[in-house]
Amino acid sequence: VIESLPARESPTTGAWERFEALYRSSRNDLFAYVMTLLRDRAAAEDVTAVAFERAYRRRRTFDRRRGEERAWLFGIARNAALDELRHRRRQAQLVVDPEAPATDPVTDEEAEVALRRTAVRSAVAQLPGSEREIIALKFHAGLSNAEIAKVLGVSESNAGTMLYRTMEKLRRACDATA
Amino acid sequence: MLRRDEFPLDPEIVSGLESIDATLTGEAVDPRHAELAELALLLAADRPVIEEGFARLLDQQVRERAFSSPSRARAAGARRKHPAVRRGRTRWWVWAPASAVAASLVAAVVIVAGESRGGSSNGGSAALAAPLMKAPASARRRETLGQGAATTPSTTTQMLAPIAPQHHSGAQSATSSAGASSPVPSPPSTGGAGVPAPLLQPPTGGRKVIQGAQLALTTAPQRVDQVSQEVYNVIGQQNGIVKASSVTANGGHGGYAQFQLSVPSSNLARTMAALSTLPFAHVSSRTDNTQDVTNDYRVNQQRLNDARALHTSLLKQLANATTQAQIESLKARIHDDEGAIAADESALRSLQRRVGYSQINLQINSGSIPVPLHHGGGFTLGKAAHDAGTVLTVAAGVALIVLAALVPVGLILALLWWVTRTARRRSRQQALDLA
């Protein structure tokens, strides 16, 4: 889906190239994370655009000693998404269920997988926002535990513990559903 | 460096996390964590997919570096977040300190320039004053007995440094009545601290002139003692006498001093010059008085000579007296004559003392001292260094004041920033928990 983006001639070509590489490697992951967090496609698209815009504007202030660019970008997206949630909470409670891909199971095995997928999706939807966020960061954005820790502002061991406990919680919820 | 919330993980948790990572990278998983691995696969497979239209739009925005919200319906929110609006923000934290430093320097230059102008105007009036000062004209020779005091010319020349000099009426009348005798050179003038005054020239030609002066100095409140000590030093160097003195210091908040000084008339000019150029003091006013007492002196001298001649004559008459009545009468006259001689001698000695020693009334007041613009010369490295030091000192003072005002404001702003940041973080966390 991602097209090759020609870099303009600019005195800050190095910074631009880094930003472009970051965009190419993170666009889909960022959208998936924000989408899981907000559960609203239109809002997720807005927040994704805003996150890249802010990252582009602040690209010169990025300090590599404070973490990798991906974690930095997801931190920006997280703040934008949480601001969107705050804004939404002030205006009206908008609850949009996760979109379910419309696929008709053909075999029993596919039906079984679809059933389990529905159970997992339902269990994720029941999670509190903070736990749903860590699932989104790990499985939808593809961040490492260290990057998750940077985005959330916690230690890596803390992030790992949170992830493991959330997974156990999900597993129990799925088992209960089954 | 370890974070505060860093802690060793439970081996079971470590094993589970490793299984999750292995599942996501397609590696073999411990059978104990098969359920966890399956759950991880289902979660990864349920990842939301970006729509192609939005992806193309985002690509275009990145290519053109012109970001905007894709949702027209949310245009209001988008305008709020539009980069064009944000880019208009100025980096006040960069410009504010530079502006403060620049303002301090400008204030320092203005203050120093203002002080320099004050010194210049003062010096200017002194310069104007000098040519206007007139010397005491020599008096006509009038040696007629009994007319001494009434006809003795006296001159008073007064100069106030900050204002135009003026002559006393006595001086004018004396000048108008002055004869064609040799004029006495001009008395000194002064332009303020550090400006040497022209020397007073003592009268010449054997005339008897009583000289006196009143001098008012201004110094910084904390310098009254120091300037008073300098006065003592000057009088000591000029072989003078401090007849009376009164120095009052109020711990740097005020203070004044008064002196009644007596110096040899031959040293009056040097004394006045030295007093007018005392360090840390500025001449606020100065009055020079002269009184030609040549006639008085000569009248007294003549009267004494006459009394002595009469005394000699009476002694001779007494030696030749034959009758007791003559003797008694001559003795009485001799006695009277001796009294007259003693009185004349005393008056003559007093006059000689007043001619030989000049009286100076000196007053030292505390106040602000104008900075002199020039010190009687052109541009020198020393003066430039002094001016530079003054500018830097004032600039440092202004900067210190600005800093004293900015530090509390900065602390308040920092506190507000911290409170706002904490509140926003909590608000975001609440929004996440409720999502």
Side-chain angles (χ1 to χ4, degrees), chain A residues 1-3 5-6 8 20 23 27-28 31-32 35-39 41-46 48-50 52-53 56-57 79 82-83 85-89 98-99 116-117 120-121 124 128-130 132-133 135 138-140 142 145 154-158 160-161 163-164 167-168 170-171 174, chain B residues 2-10 12-14 16-17 20-21 24 35-36 38-52 54-63 65 67-71 73-74 77-78 81-83 86-87 424-425 427-435:
Chain A
V1 177
I2 301 176
E3 300 172 15
L5 301 172
R8 285 183 185 175
E20 186 192 2
Y23 169 77
R27 187 192 67 183
N28 292 354
F31 174 79
M35 177 67 192
T36 304
L37 206 59
L38 298 180
R39 294 186 289 184
R41 180 167 289 275
E45 288 176 351
D46 280 353
T48 302
V50 166
F52 278 115
E53 178 263 323
Y56 173 74
R57 191 154 38 83
N79 285 340
L82 296 187
D83 287 342
L85 284 175
R86 281 198 306 167
H87 182 67
R88 185 190 295 177
R89 194 174 55 147
E99 298 170 355
R116 291 189 63 79
R117 187 174 293 164
V120 169
R121 194 175 294 143
V124 169
S130 57
R132 197 167 68 249
E133 181 185 25
I135 293 296
K138 182 68 181 179
F139 299 102
H140 298 170
N145 294 350
V154 298
S155 68
E156 190 174 345
S157 56
N158 206 343
T161 305
L163 175 62
Y164 183 79
M167 290 295 284
E168 285 295 312
L170 270 182
R171 189 174 60 81
C174 290
Chain B
L2 287 178
R3 293 177 57 103
R4 281 191 303 176
D5 55 349
E6 195 83 56
F7 53 88
L9 284 174
D10 185 82
E12 180 64 21
I13 294 177
V14 172
L17 292 174
I20 292 171
D21 287 340
L24 294 177
E35 277 189 66
L36 208 56
E38 185 189 5
L39 185 58
L41 283 175
L42 287 169
L43 286 169
D46 201 32
R47 165 185 170 167
V49 178
I50 192 168
E51 281 188 353
E52 195 173 342
F54 172 62
R56 272 204 302 273
L57 178 67
L58 204 56
D59 288 349
Q60 184 183 352
Q61 288 181 354
V62 171
R63 192 183 304 118
R65 304 180 199 184
F67 297 91
S68 66
S69 170
S71 172
R74 302 166 65 83
K81 298 165 185 170
H82 197 278
R86 298 296 183 91
R87 275 187 209 117
R424 187 187 298 163
R425 186 175 292 175
S427 173
R428 281 173 174 165
Q429 193 62 40
Q430 285 176 355
L432 179 62
D433 293 338
L434 293 173

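Proteins get letters first, then strands, A, B, ... in listed order; numbering begins at 1 in each.
Between Ile13(B) and Gly160(A), the closest heavy-atom pair is CG2-O, 4.3 Å. Nearest heavy atoms, Leu36(B) versus Tyr164(A): CD2-CE1, 4.1 Å. Across every non-hydrogen atom of Val49(B) and Phe31(A), the tightest pair is O-CE2, 3.5 Å. Pro48(B) and Ala32(A) get closest at one heavy-atom pair: O-CB, 3.6 Å. Minimum interatomic distance between Leu432(B) and Glu133(A) (heavy atoms only, all atoms of both residues): CD2-OE1, 3.1 Å. Between Ser427(B) and Arg86(A) the shortest heavy-atom distance is OG-CD, 2.5 Å.
With a 4.5 angstrom heavy-atom cutoff, Leu24(B) touches chain A only via side-chain atoms. Proximity to chain A is limited to the side chain of Asp21(B), based on heavy atoms less than 4.5 angstrom apart. For a residue to count as touching a neighbouring chain, one of its non-hydrogen atoms must lie under 4.5 Å from one of that chain's; by this rule Ile135(A) touches chain B with the side chain only. Leu41(B) does not touch chain A: none of its heavy atoms, backbone or side chain, sits under 4.5 Å away. Residue Arg425(B): no heavy atom, backbone or side chain, is found under 4.5 Å from chain A.
The closest donor-acceptor contact from the side chain of His140(A) to the backbone of Leu43(B) lies under 3.5 Å.
Judged as a side-chain contact (heavy atoms from CB on, under 4.5 Å), and not counting sequence neighbours, the contacts of Arg171(A) are Glu168(A), Asp175(A), Glu35(B), Leu39(B). With sequence neighbours left out, Glu12(B) forms a side chain to side chain donor-acceptor pair (under 3.5 Å) with no residue at all.
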Requested in this report: With side chain to side chain contact (heavy atoms under 4.5 Å, CB included) as the test, would you mind laying out the steps for Arg47(B) and Asn28(A) before giving the verdict?
Outcome: CA-CA 10 Å; Arg47(B) 165 185 170 167; Asn28(A) 292 354; 3.3 Å; yes
**Report entry** Working for side chain to side chain contact (heavy atoms under 4.5 Å, CB included), residues Arg27(A) and Val62(B)
**Finding:** CA-CA 11 Å; Arg27(A) 187 192 67 183; Val62(B) 171; over 6 Å; no
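Here OH of Tyr56(A) is found 12.5 Å from CD of Gln61(B). Values are rounded to the nearest 0.5 Å. Taken to the nearest 0.5 Å, the CG atom of Leu82(A) stands 7.5 Å off from the CD atom of Gln429(B).
Contact tally against chain B (heavy-atom pairs below 4.5 Å) for Leu37(A), Asn79(A), Asn145(A): the top residue is Asn79(A).
A salt bridge links Arg116(A) with Glu38(B); the closest basic N to acidic carboxylate O contact falls under 4.0 Å. Salt-bridge annotation for Arg117(A) and Asp46(B): absent, with no side-chain N of the basic residue lying under 4.0 Å from a carboxylate O of the acidic one.
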